[in-house]
Structures are given as structure tokens and as C-alpha cells.
Amino acid sequence: MSNRRSRQSTAGVSRISDDQIIELVSKLRQLLPEIRDRRSDKVSASKVLQETCNYIRSLHREVDDLSERLSQLLATIDADSAEAAIIRSLIM
Amino acid sequence: MRPPSSLRQEFLKKWMMGLQRYSTSKKNMSILERKKAIKLSADVAIASARNGTTCWSRALIANGYSKDGGDDKHLVEQILGPESERLIMKKVLTGGASVCNKRMRSKKILKRSCGIQRTRKFAPQVALASSIAKRLVRKRTQILRSLIPGGEFMNDVTLIEETLDYIISLRAQVDVMRSLASASELASEP
């Protein structure tokens, strides 16, 4: 295993090791809202991938909707407006 | 997992910088133009928060740079700041020959590993189930690849790593945009 890892870093080519994929997929699971709440331990890789794709698509849609809303709200794109100051203080 | 507030702050700062660019240039924009401007600034801003360290961020910047309209190029440069030339060029260098070679090598490895598995003796039901599962994983990996900017240049492991980072960044972007939208709505109420 360590051989594989060191070879990967020097050769620059990724040997796709199963353990790496399992580790990454489990990290992905923690990020996804739906799967995280489910009690089951047995979530297949394809299910995780599907949820991931759905999640990313919904995030993209949300960015699009928010851009639409903001384009109507910000009559002129004025970054020095009071809103920006408010938001900055909210996020600090 | 909430995106760190440092990421959200960085995004907000860069996004505002980008939007400022538009207020000085075009006074009367159509709603559609404004929406595109907001979206483009947001995408370049969240990408620049990674400072060229991830493939998706480099791809987003390259996309923002190549959109038509000379204004957009200046926008990207403004948001990226003094590092802009290095960051824009980075995509060209890393996205080229070295990545193509990687793709060829990963394909060869995949073919080789598929060939090996084909000769293994499984009970028929098990073989069918596992091949269906593999096909599903492959198909969904392709879909994921199409969703992540620059995904077509990544092998499987990189793809998942980039996805993790991309999701966190998207969340930060959505959080900040949502806050600004709600605050604007509140502020515009009579």
C-alpha cells in the first residue's frame, strides 16, 4: 500500500486504489444533507454519486435563482450600498 | 458542515470588487445583463478564493476569461488582482499536454483492470450484479464529471477530491448570495 502511495506521488499518475476511493466517498457522504441523516451504513458508491450530482445541480439552480433575484433587487449595481455593509457585518 | 466564515468573507470581498467594476462601466443594464454580471462575478470570486490550487477553480476562471465581451476579461483581472496573469495562465499550462497524458494513462489502467476482471470466474448472478453496479458507477461518474468545471480533465480520484472542495465553495457562495438577497429584500420594503 505504501508502495502504491509513494509511486503515485513521484510518477504523477494516479493509481486508483480502492481504499482511497472508499475514504473519499465517505467524506462525500458527510457533506450531503440527505445521506448524512440516514442511519444506514450501507450506502453504495453509485447512490452517493447520484446524490452528489443532484445536490450540485440544486446548488447551481439556487445560484441561478439568487442571481435572478439580486438582479431585480439591486437596481444599480452599487457595491458601496448599505446592504453590502450590513451583510459584511452579518457574516463576520 | 458550514463553510468557514473566512471563505465566505473572501468570496464577499471579491464579489463586491467584481460588481463594483460594473457600476463604473455600464449604468443602464438590462435585467438579464445584470443577472449575468452578478453570476459571473460570483463565479470568478468563489474560484479566486482558491488561488489556483484546485482544478475546478482554474477552469471557472478560464471560462470567465474566455466569455465574449472585453469587459469580462477586465473583470476577471480585477477580481484576481496582481496574481491574475499567473492564475489565468496556469489553466493553460496544466490543462494541456500533461493532463492529456494523465487521461490516456488512466484510461489504459482502467482498460487493463477491466480486462483482468473479465477473466475472473464469478457465479452468474454475482457477476451480473457487480457489472450492473460498475456500469452505474461509471455512468454517474461521467455525469459528475460534466457538472464540475474542468471535470473532463480529471481522473476518478481527483474528481472526487475536487467535488468535495467544489461543494464547500458552492455552499459558501449560496450562503452569501442568499444573505444579500434577504437583506436587500428587507431594505427595499416600505
Side-chain angles (χ1 to χ4, degrees), chain A residues 8 11-17 20-21 23-28 30-33 36 44-92, chain B residues 1 5 8-9 12-13 16-17 19-20 22-23 27 29 31-39 42-43 98 101-102 105-106 109-110 113 133 136-137 139-141 143-144 147-148 155-158 160-161 163-164 166-168 170-171 173-181 183-185 187-188:
Chain A
Q8 178 180 333
V13 172
S14 268
R15 309 275 169 176
I16 302 166
S17 103
Q20 278 179 295
I21 295 206
E23 185 193 325
L24 290 173
V25 167
S26 72
K27 281 197 195 147
L28 209 47
Q30 288 164 27
L31 280 184
L32 303 178
R36 193 185 49 215
S44 68
S46 68
K47 184 75 178 156
V48 173
L49 284 172
Q50 187 188 31
E51 293 298 329
T52 307
C53 294
N54 291 341
Y55 188 47
I56 293 184
R57 269 193 282 249
S58 76
L59 285 174
H60 282 169
R61 249 196 323 262
E62 203 168 346
V63 169
D64 205 62
D65 288 345
L66 285 167
S67 305
E68 180 107 27
R69 263 168 75 190
L70 283 169
S71 68
Q72 290 162 353
L73 287 167
L74 305 175
T76 53
I77 298 188
D78 180 7
D80 294 326
S81 63
E83 289 104 3
I86 293 173
I87 300 308
R88 233 171 261 136
S89 62
L90 279 174
I91 292 177
M92 290 299 169
Chain B
M1 195 206 302
S5 78
R8 284 179 284 141
Q9 283 175 46
L12 178 63
K13 189 175 72 173
M16 291 291 133
M17 268 170 66
L19 292 181
Q20 236 163 3
Y22 283 97
S23 68
K27 270 301 169 187
M29 294 169 81
I31 284 200
L32 189 60
E33 283 178 328
R34 226 179 287 144
K35 175 188 168 185
K36 279 198 213 160
I38 290 174
K39 193 144 187 259
D43 284 345
S98 65
N101 284 337
K102 263 191 203 168
R105 275 184 227 151
S106 325
I109 294 169
L110 203 59
S113 59
L136 259 183
V137 168
K139 187 175 89 167
R140 289 184 178 155
T141 307
I143 297 179
L144 183 61
L147 286 173
I148 312 284
N155 58 42
D156 284 356
V157 173
T158 309
I160 302 186
E161 285 171 347
T163 304
L164 291 166
Y166 186 54
I167 288 184
I168 294 185
L170 269 183
R171 278 208 205 154
Q173 189 183 28
V174 165
D175 278 353
V176 172
M177 290 175 84
R178 203 187 289 143
S179 308
L180 183 59
S184 303
E185 270 163 7
S188 66

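The figures that follow rest on heavy atoms only: side chains count, while hydrogens, waters and symmetry mates do not. Sequence lines set the chain letters: A, B, ... in the order given, protein chains first and strands last, and positions in each chain run from 1.
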**Request:** Could you have a look at A/Thr52, A/Ile56, A/Asp65 and say which one has the most heavy-atom pairs with chain B under 4.5 angstrom?
**Result:** A/Ile56
**Prompt:** Are B/Arg171 and B/Tyr166 close enough that a side-chain donor and a side-chain acceptor fall under 3.5 Å?
**Reply:** no
**Message:** If the condition is side-chain contact (heavy atoms from CB on, under 4.5 Å), which residues does A/Ser26 pass it with, not counting sequence neighbours?
**Reply:** none
**Fill in**
So, the part of A/Asp64 with a heavy atom under 4.5 Å from chain B: the answer is both
**Asked** When only pairs under 4.5 Å are counted, which of B/Leu164, B/Ile143, B/Leu32, B/Thr163 shares the most heavy-atom pairs with chain A?
**Response** B/Leu164
**Prompt:** Quick one: are B/Thr158 and B/Asn155 in side-chain contact, heavy atoms under 4.5 Å?
**Reply:** yes
**Asked** What residues, two or more places apart in sequence or in another chain, satisfy side-chain hydrogen bond (donor to acceptor under 3.5 Å, both in side chains) together with B/Lys36?
**Response** none
